[in-house]
**Student:** 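My questions all concern the structure below.
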There are 4 protein chains.
Amino acid sequence: MPISRLIAPRGGVPLAKRERRKEARPGELLDAALDLFVEKGFAATRSEEVAARAGVSKGTLFLYFPSKEELFKAVVRENISGRFQEWRQELEDFEGGSADMLRYCLKVWWDRVGATKASGINKLIISEARNFPDIAAFYQDEVIKPVQALIRLILQRGVDRGEFHIVDLDYAMFSVMAPMIFLIMMKHSLGACVPQGYPIDPERYIASQMDTLLHGLCVRPEDNKTRSRDPK
Amino acid sequence: MPISRLIAPRGGVPLAKRERRKEARPGELLDAALDLFVEKGFAATRSEEVAARAGVSKGTLFLYFPSKEELFKAVVRENISGRFQEWRQELEDFEGGSADMLRYCLKVWWDRVGATKASGINKLIISEARNFPDIAAFYQDEVIKPVQALIRLILQRGVDRGEFHIVDLDYAMFSVMAPMIFLIMMKHSLGACVPQGYPIDPERYIASQMDTLLHGLCVRPEDNKTRSRDPK
Amino acid sequence: MPISRLIAPRGGVPLAKRERRKEARPGELLDAALDLFVEKGFAATRSEEVAARAGVSKGTLFLYFPSKEELFKAVVRENISGRFQEWRQELEDFEGGSADMLRYCLKVWWDRVGATKASGINKLIISEARNFPDIAAFYQDEVIKPVQALIRLILQRGVDRGEFHIVDLDYAMFSVMAPMIFLIMMKHSLGACVPQGYPIDPERYIASQMDTLLHGLCVRPEDNKTRSRDPK
Amino acid sequence: MPISRLIAPRGGVPLAKRERRKEARPGELLDAALDLFVEKGFAATRSEEVAARAGVSKGTLFLYFPSKEELFKAVVRENISGRFQEWRQELEDFEGGSADMLRYCLKVWWDRVGATKASGINKLIISEARNFPDIAAFYQDEVIKPVQALIRLILQRGVDRGEFHIVDLDYAMFSVMAPMIFLIMMKHSLGACVPQGYPIDPERYIASQMDTLLHGLCVRPEDNKTRSRDPK
DNA sequence: AATGAATGAGGGTTCATTCAT
DNA sequence: GATGAATGAACCCTCATTCAT
């Protein structure tokens with residue numbers, strides 16, 4: 001064990017080794033479980049593998065989680081960002097153009113979620129949603145809806161300030177979400193096992209998506225007259 | 001059994017019932033397997049369920065596919081459209097603006113793939129890629145690459161004809177792919193089990209995405225000066 | 001099909017091909033079954049293999065034998081030599097020394113049983129006896145006992161004529177049987193799959209066994225005084 | 001559980017019960033497997049039966065042996081006596097007549113192998129040789145060849161000391177092996193299931209075989225002139 | 001609290017047997 | 001009669017879960 005592990009992680013008095021590990025167990029198990037569930041799926045992941053990756057024995061896993069299914073639920077709960085309030089505040093305080101606001105928002109999302117292992121939770125949820133409908137509903141309420149609300153906030157602001165022209169606000173949200181979800185999906189599926197195909201560079205990817213998202217593909221403003229009307 | 005099944009399928013001598021069933025079996029099994037693999041994942045789908053959904057007994061499945069894994073591979077093979085050549089021809093023959101061409105392309109894709117049950121193969125591949133790396137590589141070569149080539153063809157055409165302004169062609173492809181993949185993913189995961197959340201209307205979704213994709217969010221044209229340069 | 005097969009095997013009017021085959025079916029199935037049971041054992045032999053080797057379909061096997069087990073019993077019944085009466089007569093008519101009689105007997109046995117595929121039945125019975133106790137008892141009565149009676153006949157004759165010195169007649173029978181059974185066992189087990197070990201030459205083997213059997217290993221007659229007494 | 005099991009097996013610290021069981025398990029399973037494989041054959045023996053006879057559940061078997069086939073191989077390895085070196089030494093140290101040496105050798109073999117359950121391995125190998133050719137080859141090398149070498153050693157000694165007259169040394173070995181193999185075969189096949197037929201008394205059997213083997217059937221000595229010549 | 005041996009229900013696969021053709 | 005597609009009981013093996021240590 002590296003010496004650093006013997007030092008308490010977040011200030012406070014360093015604990016004796018035994019106690020520290022004991023306290024850290026659930027987190028280590030959740031980390032291991034997230035990795036493996038993302039990699040292999042819930043059904044194909046063996047409990048013993050999770051325990052082994054967390055450095056404990058099979059029996060210990062069941063001391064902390066009463067079943068594999070509860071472990072799954074805990075993994076999801078643990079990895080949904082509860083920081084939407086915080087983000088919302090950051091965005092409400094944002095001063096500047098809405099295009100920059102969107103750029104900032106995606107950057108923050110990438111740094112805090114996309115680039116971390118928590119991003120795997122998206123792939124996990126999408127893969128397993130139909131096997132865990134209650135988890136899916138929970139995720140829908142706790143993550144998807146807040147995210148959509150945030151995006152809508154930005155888009156609405158852009159429209160209100162005369163910066164964005166948006167025909168169908170409800171569905172325009174997906175223009176922001178889709179590229180992000182796609183990036184994460186690739187990172188955790190094909191991108192993780194078909195190296196010749198997809199080492200997508202995230203920075204470049206995000207830059208390109210932002211560019212298209214903000215300005216579109218078309219050269220001429222006059223094309224704007226072909227824009228569809230809001231179907232609502 | 002529907003009456004139509006009692007009629008010889010393609011003229012000629014009517015086959016005995018037993019033989020006709022035998023001929024139809026692999027297809028019925030593949031259909032059932034696709035449904036279930038998409039719904040529950042490979043590992044969580046029991047062979048017997050596949051057989052039952054196809055209306056046969058467990059043993060019969062193994063008369064047609066030597067193992068569950070081979071069944072999986074056959075499902076993938078069966079559901080990758082080998083029609084890229086055909087599409088390519090259609091697109092090469094296309095006359096009209098590149099924006100319309102892109103619209104036409106996505107509509108065709110939706111009608112022929114997205115709206116059919118074959119669309120589930122995308123979710124399946126993404127969910128299972130890391131458990132079946134060879135399948136993933138196969139899919140990469142047989143589907144992803146041709147699709148990307150088609151998209152690139154259109155985008156390049158738009159650039160060549162002065163219709164599109166594209167900074168980073170290699171990554172702009174993802175601006176076309178991502179919304180389509182996102183739509184399919186939702187359809188087969190959250191959308192299939194969280195009804196209150198996502199009855200995305202595909203027509204409206206595609207219209208909205210095309211709109212943003214072609215024209216961007218920003219009110220024109222003063223933002224153009226903020227466009228990034230091609231990083232290549 | 002060789003032309004010879006179209007000719008009735010044992011006299012009589014040649015039948016049309018269909019009828020002949022029909023009549024020959026059970027025998028072909030029994031031959032195939034004997035081969036496979038000897039080679040792989042009863043449990044490890046698949047019914048379909050037997051049918052395939054006999055050139056018929058799986059279903060046909062069950063037209064002639066109601067179950068795999070009945071097939072096994074038929075194989076045993078078919079391959080036990082019912083010719084002990086005939087042999088007994090031959091031996092009773094034998095004129096000459098008892099050593100020659102024994103030699104003749106073993107030669108006949110080798111020619112008519114040991115060298116034929118019927119010899120496999122011995123290995124089969126020994127391998128499967130405990131799974132088919134009634135078959136084993138049947139074999140005991142129908143084969144082992146008559147064989148022992150024949151051997152005893154010869155040995156007794158030798159003793160009566162002053163040619164053989166036999167201490168324990170009941171067990172001396174085994175001195176004749178053991179080498180023959182051993183030869184057959186080797187032929188159908190190790191000898192059939194470990195070529196570097198056991199291509200025992202039957203002629204030489206029998207000659208050697210007869211030699212030892214008749215004269216023993218010891219050089220000096222005076223050793224005779226060490227002979228044990230009949231324990232009976 | 002017998003009280004003796006609660007006492008540490010070989011001095012030292014008593015093991016916890018669980019650990020002692022763990023240590024004993026493979027042996028118990030191998031014993032059970034030997035019994036059942038000998039009795040019913042490999043294919044007809046169910047894994048669960050083996051486990052049940054060893055007093056454990058089905059799953060436990062697979063904690064110790066990765067598959068039924070590996071269990072089979074372990075049974076064979078476990079039951080081939082690696083004591084040929086030791087025996088060779090005993091025989092090389094033997095002082096006395098070669099006839100007595102042979103008698104001693106067979107007695108030792110009977111006491112240490114024939115009378116034990118390890119003797120079943122012979123029947124097992126012969127029954128299954130063709131289903132496990134690599135096991136057969138292994139047995140050939142590890143058991144048959146050393147045994148033959150030992151027998152040859154004795155016979156050669158007898159010839160060298162002028163005690164034995166042997167025409168064909170290579171095949172005379174079989175005159176020693178055949179009765180022993182025959183005895184074991186009977187013990188484990190017909191003898192085990194046809195009680196009215198074969199309660200062969202081993203002592204008497206061996207005595208009789210030795211008698212015939214050493215002195216032959218024929219009354220001495222005039223027949224000696226009929227002895228065949230060495231065919232080599 | 002931690003371990004890991006043990007369990008046994010469950011799932012993939014085989015194959016003897018049936019039966020519509 | 002002959003076929004071979006279909007069946008489903010039975011078998012091998014896995015792995016989530018338990019519990020004595």
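Below, read A as the first sequence line, B as the second, and so on, with proteins coming before strands; counting in each chain starts at 1.
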**Student:** In what stems does DNA chain E take part, counting only runs of at least 3 consecutive Watson-Crick or G-U pairs whose two distances fall under 3.5 Å?
**Tutor:**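 The stems that DNA chain E takes part in, listed by first number, are E:2-21 with F:2-21.
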
**Student:** From C/Ile121 CD1 over to C/Leu124 CG, what is the distance, rounded to the nearest 0.5 angstrom?
**Tutor:**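 Interatomic distance, C/Ile121 CD1 to C/Leu124 CG, rounded to 0.5 Å: 5.0 Å.
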
**Student:** Looking at DNA chain E, which of residues 34-47 of chain C put a heavy atom within less than 4.0 Å of it?
**Tutor:**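 Close to the strand are C/Thr45, C/Arg46, C/Ser47.
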
**Student:** Any side-chain heavy atom of D/Glu49 within less than 4.5 Å of one from D/Lys40?
**Tutor:**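 D/Glu49 vs D/Lys40: side chains touch.
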
**Student:** Where do A/Gly120 and A/Val38 come nearest, in terms of heavy atoms and distance?
**Tutor:**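 Shortest heavy-atom contact: O-CG2, 3.4 Å.
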
**Student:** I'd like to check B/Lys73 versus B/Phe65 (side-chain heavy atoms, cut-off strictly below 4.5 Å). Are they in contact?
**Tutor:**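 No. Closest side-chain heavy atoms not under 4.5 Å.
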
**Student:** Could you state the atom-to-atom distance from NZ of C/Lys68 to P of E/dT18 in whole Å?
**Tutor:**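 After rounding, the gap between these two atoms is 15 Å.
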
**Student:** Rounded to the nearest 0.5 Å, what's the gap from CD1 on D/Ile125 to CZ on D/Phe37? Could you check?
**Tutor:**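 Output value for this atom pair is 11.5 Å.
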
**Student:** How far does OH of D/Tyr64 sit from CD of D/Glu28, to the nearest 0.5 angstrom?
**Tutor:**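 Rounded to the nearest 0.5 Å, the OH-CD separation comes out at 9.0 Å.
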
**Student:** Do you know which two heavy atoms are closest between A/Ile126 and B/Ser189, and how far apart they sit?
**Tutor:**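 That would be O-CB, 3.1 Å.
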
**Student:** Whole Å only: how far is the CD atom of A/Glu48 from the P atom of E/dT3?
**Tutor:**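 So the CD-P distance, A/Glu48 to E/dT3, works out to 12 Å.
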
**Student:** Please list, by residue number, the residues of residues 51-65 of chain D whose heavy atoms come closer than 4.0 Å to an atom of DNA chain E; answer none if no residue qualifies.
**Tutor:**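 Per residue number, the list reads D/Val56, D/Ser57, D/Lys58, D/Gly59, D/Thr60, D/Leu63, D/Tyr64.
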
**Student:** Using a strict 4.0 Å threshold on nitrogen-to-oxygen distance, state whether A/Arg53 and A/Asp31 make a salt bridge.
**Tutor:**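 Between A/Asp31 and A/Arg53 there is no salt bridge, as every charged N stays at least 4.0 Å from the carboxylate O atoms.
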
**Student:** Measure the distance from CG on A/Leu71 to C1' on F/dT17 and round it to the nearest whole Å.
**Tutor:**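 Nearest whole value for this atom pair: 14 Å.
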
**Student:** Toward the 5' end of DNA chain F, which comes first, D/Ser67 or A/Glu69, by nearest nucleotide?
**Tutor:**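 Of the two residues, D/Ser67 wins.
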
**Student:** Where is the tightest heavy-atom contact between C/Ala129 and D/Cys193, given as atom of each residue plus distance?
**Tutor:**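 Residues C/Ala129 and D/Cys193, closest heavy atoms: O-SG, 3.7 Å.
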
**Student:** Can you classify the ring geometry of C/Phe132 versus C/Phe42 as parallel (below 30°), tilted (30 to 60°) or perpendicular (above 60°)?
**Tutor:**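 C/Phe132 vs C/Phe42 ring planes: perpendicular.
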
